[in-house]
Amino acid sequence: MQQIVHIAPLRQAIATHKRAGHRIVFVPTMGNLHAGHVRLVEEARLHGNIVVCSIFVNPLQFGPTEDLDAYPRTLAADVEKLAAARCDLLFTPSVAEIYPQGLAAQTIVSVPGISRRHCGASRPGHFDGVATIVTKLFNMVQPDAALFGLKDYQQLQVIRHLVADLCMPIELVGIPTQREPSGLALSSRNGYLSAEEKARAPVLHQCLQEAGARLRQGADMASVETVAAQTLAEAGFVPDYFSVCQADTLEPAQAHDRHLVILAAAWLGKTRLIDNLQLELPSA
Ligand code: PAF
């Protein structure tokens, strides 16, 4: 696996692969890799012949009170995992390489509407930071396809809008969430949970499953959301949102909508967990 830290040699390496007719598949990450990331890299191999990963903890997507400094940086272990997963090229730029004029002077890419709901409402500016870094990385790596985990469902929908609106010729692939046997979605932030919190954390996934089952049985959406928020509160979470949404726009679902996603975010102690459930209701 080749490791590159500067943009110029990255462009040269990509150009060489493109001249050879290779299809470039890209997995952007912030590092601290777990089995969910490894699965993305393995899956990437099925979508092209050169697998490029990036590790960059993007300061632009963290709010002023968020965990940028505490975010785990585990480069040596990540490099081993990526090499074992047969990544071909790893891009690990510095903040100065990506934002040479500083964050305040950076052009911002902002996807309207969908970026402002759910996590966007709780974390103002977060999706502008994601859209900006993903645009920059796409311009550097010039991938034919890019893979993202479906755990960050709203993030992938924001990126789908971005790619369509800016006419980027990139195929986007969403990969199902990897889970612990308890049902807890794998996440770098699980490392912040105490043992006692970790034992309670699967309740988030259970609430989503129960909500999905109730919707399939015909329960109305508002009552499903209310019951789930109560269950989470009783289990010691502080719910942020639990919303039944139309799966593409992430607008609140209407009774006639069949193609749904339930998005959930809740605090457990100092850790904010997110998860979701995609759901197709039978035609009425
Ligand atoms: O999902 C992530 O790890 C990040 O938001 C991403 C897409 C790599 C952008 O920094």
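All values below were derived from every heavy atom in this structure, side-chain atoms included, with hydrogens, water molecules and symmetry-related copies excluded. Owing to the predicted nature of the structure, the values given are computational and were not obtained by experimental measurement. Counting starts at 1 for both ligands and their atoms, in listed order.
- For S194 and R200, the side-chain atoms include no donor-acceptor pair closer than 3.5 Å.
- For ligand 1, the atoms sitting less than 4.0 Å from at least one non-hydrogen atom of M30 are 3 (O), 4 (C), 10 (O), numbered in the order shown with element in parentheses.
- Remark: H22 engages H17 in a ring-ring contact (aromatic ring centres under 6.0 Å, His included) (not counting sequence neighbours).
- Scanning H37, Q61, Q155 for the heavy atom closest to atom 9 (C) of ligand 1 points to Q61.
- Remark: P124 pairs with no residue by the side chain to side chain contact (heavy atoms under 4.5 Å, CB included) rule, at least two apart or across chains.
- Remark: ligand 1 atoms within the under-4.0 Å shell around heavy atoms of I133 are 9 (C), 10 (O).
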| After noting the C-alpha distance and the side-chain angles of R216 and L279, does the key distance pass the side chain to side chain contact (heavy atoms under 4.5 Å, CB included) rule? | CA-CA 9 Å; R216 280 192 207 91; L279 189 67; 3.1 Å; yes
